[in-house]
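Reviewing the structure listed below.
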Amino acid sequence: MNSSQIGKFITIEGVEGVGKTTNIDFIRQWLKQQGIPHINTREPGGTPLAESIRELLLSPREEAVDENTELLMMFAARAQHLAQVIKPALGRGEWVVCDRFTDATYAYQGGGRGVSMEKIAQLEMLVQDTLRPDLTFVLDIPVDQGLARAKSRSTPDRFEREKLAFFDRVRDCYLTRAKAAPDQYRVVDASQSLEGVQADLAMLLDQYLSSSSWGQAGE
Ligand code: TMP
């Protein structure tokens, strides 16, 4: 297949309450305006089986969840999602906008829970081979602000019940990963007004589109 026919894989990350949903809507609107075919999906989830795994992962429960169990369930859901949704869409030339992906595993299971990054990298290779997001937006906000927003809208799930220090480690991990690979990551200050966040997103997307080979014939 001609490389210019392969869609781009965009992921959106951040701690709870950072405004992912609203900003993903904005990104989709931007793609629509550019006439770029795309799908919108999320992790954990994105297929019926992966959504069932999501329910198991997010429900608060009495039983302590072993960190390897949680890690493997994240990657089990991801394997299904990749096979059923993400890879077929990219192969059709569509862009995939995904609410969280493996960066969340590094941040939550690695940074938050303390699972070794090497272990996560091994599963990443097993499940994804060389597939990685082309572009990742890290919506960044001080953890206390994000959690206050998240708590005001619904009953906390199993992750939202974690302590502030857990989310500080999650945030640090996102920022560290972003700093290490500036070609892939764009950190957006999500503590500013929604208009400000979306102006930044539009500028970064414009820059990305003009620098990427997408849609150009003969590449
Ligand atoms: P959401 O609330 O953004 O939909 O995400 C569900 C929760 O799952 C969120 O607290 C982050 C967590 N999560 C992980 O811990 N590891 C992962 O790999 C993913 C994708 C999500």
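Both ligands and their constituent atoms are indexed starting at 1 by order of listing.
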Any link between M203 and V138 through a network of hydrophobic side chains (Ile, Leu, Val, Met, Phe, Trp, Tyr) touching at under 4.5 Å?
yes
For ligand 1, is there an N or O atom under 3.5 Å from any N or O atom of [X]?
X: R54; answer: yes
X: R78; answer: yes
X: K20; answer: yes

From the list K8, R28, E94, side chain to side chain contact (heavy atoms under 4.5 Å, CB included) partner of H38 resolves to R28
So is M74 touching ligand 1 or not, going by heavy atoms under 4.0 Å?
yes
What protein heavy atom lies closest to [atom]? Include the residue and the distance to one decimal.
atom: atom 19 (C) of ligand 1; answer: A104 CB, 3.5 Å
atom: atom 21 (C) of ligand 1; answer: P44 CD, 3.6 Å
atom: atom 18 (O) of ligand 1; answer: T105 OG1, 2.6 Å
atom: atom 16 (N) of ligand 1; answer: Q109 OE1, 2.8 Å

Note: ligand 1 atoms sitting under 4.0 Å from heavy atoms of E43 are 20 (C)
Numbered atoms and elements of ligand 1 in range of Y108, under 4.0 angstrom, heavy atoms:
10 (O), 11 (C), 14 (C), 15 (O)
A cation-pi test, strictly: NZ or CZ of R186 under 6.0 Å from the centre of the six-membered ring of Y208 and no more than 45 degrees from its axis. Yes or no?
no
Relative to atom 1 (P) of ligand 1, which among R113, H81, R100, E16 owns the nearest non-hydrogen atom?
R100
Pair R169 + E162: basic N to acidic O under 4.0 Å:
no
Are side-chain N/O atoms of T105 and R78 paired as donor and acceptor at under 3.5 Å?
yes
Exercise: do Q128 and T102 side chains pair donor with acceptor under 3.5 Å
yes
In terms of relative ring orientation, are W30 and W95 parallel, tilted or perpendicular, with 30° and 60° separating the classes?
tilted
Looking at every non-hydrogen atom in both residues, tell me the closest pair between K119 and N68 and how far apart they are.
NZ-OD1, 2.9 Å
